[in-house]
Number of protein chains: 2
Amino acid sequence: MDSVEVPEVVVLRLPLYVRALSQLMSESAEVVSSQQLGSLLQMTPAQIRKDLSYFGRFGKQGRGYNVRFLLNELQEILGLDREWRACLVGVGRLGRAIINYPGFHRDNFRIVAAFDGDQSQVGNKIGAFDVQPMSELSETVCDKKITIGIVAVPAQQAQNVINELVENNIKGILNYAPVAANVPMNIVIRNIDPVLSLQSMTFYLRHLT
Amino acid sequence: MDSVEVPEVVVLRLPLYVRALSQLMSESAEVVSSQQLGSLLQMTPAQIRKDLSYFGRFGKQGRGYNVRFLLNELQEILGLDREWRACLVGVGRLGRAIINYPGFHRDNFRIVAAFDGDQSQVGNKIGAFDVQPMSELSETVCDKKITIGIVAVPAQQAQNVINELVENNIKGILNYAPVAANVPMNIVIRNIDPVLSLQSMTFYLRHLT
DNA sequence: ATCTGTGAAATGATTCACAGCC
DNA sequence: GGCTGTGAATCATTTCACAGAT
């Protein structure tokens, strides 16, 4: 219940459980043990049980967890039982790819507006909607009940864009720009940075060939 | 030196240091303290010093770290002092976006081949090269000295594709498919999954509106 | 017999705090 | 005065191991 004392690492793992449970649902599994879930996700059963125990007692001793029930509970805990609306900032190649990526939509994250600081992009049609100028951010965020901003601008502009988003009432930021952006403590930011992933990977590969 | 006992969290942070140092270089900074680096990256100076101490003594007491020198050392530690070649598997929308993403190339990661299991994609031109059938994987990996595989296929096919990559001598995998893939212990895998990021974000946002 | 939920123990990561050097 | 490098202390996370439920 008291989300303040749930370790962040635990929260980061909950979506993995949601995904595994969704898969089990689609396979018509009715019950799953922490053991099975663990081997599906390559984690120890103890960790799964401990993680879940932060939020309640969802299992039955001797049996395991009801798949549908646990999935529902976790979705509610994560706030996934509703639609989330996001705006995209930056409609270059990356931004366009993000808009067209069907994965967000499938999981109830809807991109409902697109902005760009570049005048030459403004007014262009991208998918279903027009690219808007940043000056319309405030109004659109309010009108369309947007809570999440997706940042797909060049590194140099990212911090400014993020500042603008925060000033205009955006609460969560998914940042694709390769920068360690600064945000106020009450804002949640997540960075997507494949180059960083590769650069830590090569540490382990460097002695090959 | 002995990379086995460097904690993985530390390795994951090194690329952040590399990036910050690159930026400092471009601003012609010559020296930087753990303090300054920390405020740039929002980390404690102690953590930075401790992280670096796993690999050597790079700083000068009373002064700090020479930017160029530290950058070079870290790049060498991470194996970034050479080019890494990767192949892409899956040339759908996501795959095409990945090929066109200039960020990899800028940091010396080169995508040098593209594959797709779908016959109708094979032979199409994507950027500079032809889409190849999976049957040519083995030969191409060998000929072009590819060590990294980038997976951009639908979730359902991902594990199979990853298995094929591993069987064909790929040592590192950057996986964009939303699955918890299984790989042998000697293979390094990194997952890029923006939906997971959003789903853990909403935990903190769920009580808004 | 099987599996959860959970305190306690063990392990791991971060931060402190200071000696030593510039 | 300022800063690094690092043991020691603190704090966080994972794993163990078992009582209790089915």
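Order of the sequence lines fixes the chain letters, A, B, ..., with proteins taken first and strands second; residue numbering starts at 1 for each chain. All values below were derived from every heavy atom in this structure, side-chain atoms included, with hydrogens, water molecules and symmetry-related copies excluded.
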J.: Could you state the atom-to-atom distance from CG of Leu37(A) to C1' of dT4(C) in whole Å?
T.: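 Roughly 13 Å, once rounded to whole Å.
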J.: Starting at CD of Glu5(A) and ending at C1' of dA12(D), how long is that distance when rounded to a whole Å?
T.: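 The distance from CD of Glu5(A) to C1' of dA12(D) comes to 14 Å, rounded to the nearest Å.
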J.: Quick one: which of dT6(C), dT14(D), dT6(D) gets closest to the side chain of Gln47(A)?
T.: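 Shortest atom-to-atom distance from the side chain points to dT14(D).
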J.: What's the closest nucleotide to the side chain of Ser33(A) if the choices are dC3(C), dG5(D), dT13(D)?
T.: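 The closest nucleotide is dC3(C).
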J.: Tell me which nucleotide among dG5(C), dC18(C), dT14(D) gets nearest to the side chain of Tyr65(A).
T.: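 Looking only at heavy atoms from C-beta outward on Tyr65(A), the closest nucleotide is dG5(C).
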J.: Closest-nucleotide mapping onto DNA chain D: is Lys50(B) or Ser34(B) further toward the 5' terminus? I mean the 5' end.
T.: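 With Lys50(B) and Ser34(B) compared, the 5'-side residue is Ser34(B).
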J.: Let me know, please, whether Gly62(A) or Ala46(A) comes out on the 5' side of the other along DNA chain C by nearest nucleotide.
T.: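 Its nearest nucleotide lies further toward 5', so the answer is Gly62(A).
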J.: Write down the distance between CD (Gln35(B)) and C1' (dT15(C)), rounded to a whole number of angstrom.
T.: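 Atom CD in Gln35(B) sits about 14 Å away from atom C1' in dT15(C).
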J.: Does either side chain, that of Arg85(B) or that of Thr147(B), offer a donor lying less than 3.5 Å from an acceptor on the other one?
T.: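 Side-chain D/A pair, Arg85(B) to Thr147(B): absent.
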J.: Just compare dT15(C), dA21(D), dT4(D) and give me whichever is closest to any side-chain atom of Thr44(B).
T.: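 Nearest to the side-chain atoms of Thr44(B), counting from C-beta on, is dT15(C).
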J.: Quick one: does NZ or CZ of Arg106(A) land under 6.0 Å from the six-membered ring centre of Phe104(A), within 45 degrees of the ring axis?
T.: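 That pair does not qualify as a cation-pi contact.
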J.: Report yes if at least one side-chain N or O of Arg63(B) is closer than 4.0 Å to OP1 or OP2 of dG5(D); otherwise report no.
T.: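 Looking at the OP1 and OP2 atoms of dG5(D), neither is under 4.0 Å from any side-chain N or O of Arg63(B).
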J.: Tell me whether Arg19(A) is salt-bridged to Asp193(B), with the criterion being a basic N under 4.0 Å from an acidic carboxylate O.
T.: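 Yes, Arg19(A) and Asp193(B) are salt-bridged.
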J.: Take atom OH of Tyr54(B) and atom P of dG12(C), then tell me their distance rounded to the nearest Å.
T.: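 So the OH-P distance, Tyr54(B) to dG12(C), works out to 11 Å.
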J.: To the nearest Å, give me how far apart CD (Glu73(B)) and P (dT4(D)) are.
T.: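 It works out to 16 Å between those atoms.
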J.: Just how far is it from atom CD of Gln23(B) to atom CG of Leu41(B), taken to the nearest 0.5 Å?
T.: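 Those atoms lie 9.0 Å apart.
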J.: To the side chain of Val9(A), which of dG7(C), dT13(D), dT4(C) is closest?
T.: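 The listed nucleotide nearest to Val9(A)'s side chain is dT13(D).
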J.: Nearest to the Ser53(B) side chain among dT15(D), dT6(D), dG5(C), which nucleotide is it?
T.: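 Of the candidates, dT6(D) comes closest.
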J.: How would you label the contact of Arg57(A) with the nucleic acid (heavy atoms, under 4.0 Å): base, sugar-phosphate, or nothing?
T.: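 The answer is sugar-phosphate, as Arg57(A) gets under 4.0 Å only of primed atoms, P, OP1 or OP2.
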J.: Taking Lys144(B) first and then Glu83(B), would you say they form a salt bridge - that is, a charged N and a carboxylate O separated by under 4.0 Å?
T.: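 Glu83(B) and Lys144(B): not salt-bridged.
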J.: What is the distance, rounded to the nearest whole Å, between atom CG of Asp51(A) and atom C1' of dT6(C)?
T.: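 It works out to 13 Å between those atoms.
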J.: Separation of Leu12(B) atom CG from dA13(C) atom P, in whole Å?
T.: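 Going from Leu12(B) (CG) to dA13(C) (P), I get 11 Å.
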J.: At 4.0 Å (heavy atoms only), tell me whether Arg49(A) reaches a base, stays on the sugar-phosphate, or touches nothing.
T.: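 The answer is base, as Arg49(A) lies within the cut-off (heavy atoms under 4.0 Å) of a base atom.
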J.: Does a distance-only test, which skips hydrogens and angles, find a donor-acceptor pair under 3.5 Å between the side chain of Gln61(A) and the base of dT22(D)?
T.: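 Check fails, no donor-acceptor contact within cut-off.
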J.: Round to a whole Å and report the spacing from CD of Glu8(B) to C1' of dA13(C).
T.: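 Going from CD in Glu8(B) over to C1' in dA13(C) covers 13 Å.
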